[in-house]
2 protein chains.
Amino acid sequence: MAAKSRLQNELKKNLPFISLKEEALLNIMRTSDQMENRIGKTFRDFGLTASQYNVLRILRGAGEPLPALEIASRLIQVVPAITGLVDRLEKQNLVVRKRCTEDRRVVYVEITKKALKIVDSLDQPLAKIQEELLGHMNQKELKELIRLLEKARESLH
Amino acid sequence: MAAKSRLQNELKKNLPFISLKEEALLNIMRTSDQMENRIGKTFRDFGLTASQYNVLRILRGAGEPLPALEIASRLIQVVPAITGLVDRLEKQNLVVRKRCTEDRRVVYVEITKKALKIVDSLDQPLAKIQEELLGHMNQKELKELIRLLEKARESLH
DNA sequence: TGAATATAATTTACATGTAAACTAATTGAG
DNA sequence: CTCAATTAGTTTACATGTAAATTATATTCA
């Protein structure tokens, strides 16, 4: 019924608040967007994008070359994205591709010394930004926030 | 020794989190990514992307044509993105551009009836997904999560 | 063994976000 | 009034995320 539909829309438009679930979802996405944005600026100051930094951080953490898909799975990215990402990192001499000899389908990605220096030099600035972004929350609040977000993600398992 | 946190296991990270702040930030971003991903699939089922849906939802909520930059500001997107977004929506006959006669710099974007139908038809599926994603959290938890995220964003003001 | 599958990456096509430069139109100070 | 500054949008250039198809290699099982 057209009239009823319009009325429903009218009511929806004027509702002072949305459902708690919708409000929570919007809060999660909005907070994430803004934090990513803030952190991303620091990466750009160092000539990296957030994705590029994450690849390098994973490689540093691993302490050894990793297959491309292994990196992709840790980034939770779709497979094709990793190819271009590694392409651009390789172009900047931040990683090296090495074809595996036992299984020639596998491409190992190795971080270079140049990249290690950059990633290391980002540790302090990043710690500072984390302090800037969440320094006003106390330990109890941070733990509760983490708990609630982990619980929220349980629906995705 | 305390068991590794859930996120650490998910990311197969070798090193422990340096700080609660870092863990909280990663939890925020990861949760957002996964929820966006899940919701995005529904939009695609209806021939829309998340960004396109958000533009249409804003226009429906406004109840009147809005200037392009007004839409952009509500989406918290950078200015140039809105042009292409409106281009693609216009190509699908979901919005119409109307140059303002008083101030010819301004472009009003108006939602079409076709688009209104689509957005309306998404209300129920979206409510269902919200239930699927956060239905296992009780009201108290949702309110606390919202409060903590709002507090987290205070540092960005 | 050999065909059917599965796996690791890549390629292609498209939508989007970001930054910087540019155009058109309006405004405001002198 | 006039010209510099501002404002609304667009264009361009690039990095990224998503999906589908493709290539090369490896594995499995009849």
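Note on naming: letters A, B, ... go to the chains in the order of the sequence lines (proteins, then strands), and numbering restarts at 1 for each one.
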query: How about B/Arg57 and B/Asn54: does a side-chain donor come under 3.5 Å of a side-chain acceptor?
result: yes
message: Can you see whether A/Glu36 engages A/Ser32 through a side-chain donor-acceptor pair at a distance of less than 3.5 angstrom?
response: yes
statement: As a check of understanding: the bend across the helix from C/dT1-D/dA30 to C/dG30-D/dC1, end axes from five pairs, rounded to 10 degrees, works out to 10°
task: If you link ILVMFWY side chains whenever their heavy atoms are less than 4.5 Å apart, which other residues fall into the same cluster as B/Tyr108? By chain and number, please.
output: B/Val106
Measure [atom1]/[X] against [atom2]/[N] and give the value in whole Å, please.
| X | N | atom1 | atom2 | result |
| --- | --- | --- | --- | --- |
| B/Ile39 | D/dT18 | CD1 | P | 14 Å |
| A/Ile82 | D/dA15 | CD1 | P | 15 Å |
| B/Leu69 | D/dA8 | CG | C1' | 5 Å |
| A/Glu36 | C/dT16 | CD | C1' | 14 Å |
| B/Asp87 | D/dT11 | CG | C1' | 11 Å |

task: Return no unless some side-chain N or O of A/Asn37 is found under 4.0 Å from OP1 or OP2 of C/dT18.
output: yes
Looking only at the side chain of [X] (C-beta and beyond, no hydrogens), which of the listed nucleotides [options] gets closest?
| X | options | answer |
| --- | --- | --- |
| A/Ser51 | D/dG17, D/dA24, D/dA19 | D/dG17 |
| B/Pro67 | C/dA15, D/dT18, D/dG9 | D/dG9 |
| B/Leu85 | D/dT18, C/dA8, C/dT16 | C/dT16 |

field: Separation between CG of A/Leu148 and CG of B/Leu142, rounded to the nearest 0.5 Å
entry: 8.5 Å
message: Can you tell whether the side chains of A/Arg60 and A/Asp123 come within less than 4.0 Å, N to carboxylate O?
response: yes
field: Under-4.0 Å salt bridge between A/Arg153 and B/Asp33
entry: no
- line: Heavy-atom nearest nucleotide on DNA chain C taken for A/Val106 and for A/Lys41; more 5' hit belongs to A/Val106
statement: Taking for A/Thr83 and for B/Thr49 the nucleotide of DNA chain C with the nearest heavy atom, the one nearer the 5' end belongs to A/Thr83
message: Mind checking if B/Arg88 touches a base, just sugar-phosphate, or nothing, with heavy atoms under 4.0 Å?
response: base
query: Listed by chain and number, what are the salt bridge (charged side-chain N to carboxylate O under 4.0 Å, His left out) partners of A/Lys98, not counting sequence neighbours?
result: A/Glu110
message: List the residues meeting salt bridge (charged side-chain N to carboxylate O under 4.0 Å, His left out) with B/Glu150, not counting sequence neighbours, and say none if there are none.
response: none
- request: Could you identify which residues of residues 93-104 of chain B place a heavy atom less than 4.0 Å from some atom of DNA chain C, listed by residue number, or say none?
  value: B/Glu102, B/Asp103, B/Arg104
task: State which residues pass side-chain hydrogen bond (donor to acceptor under 3.5 Å, both in side chains) with A/Arg44; sequence neighbours excluded, sorted by chain then number.
output: none
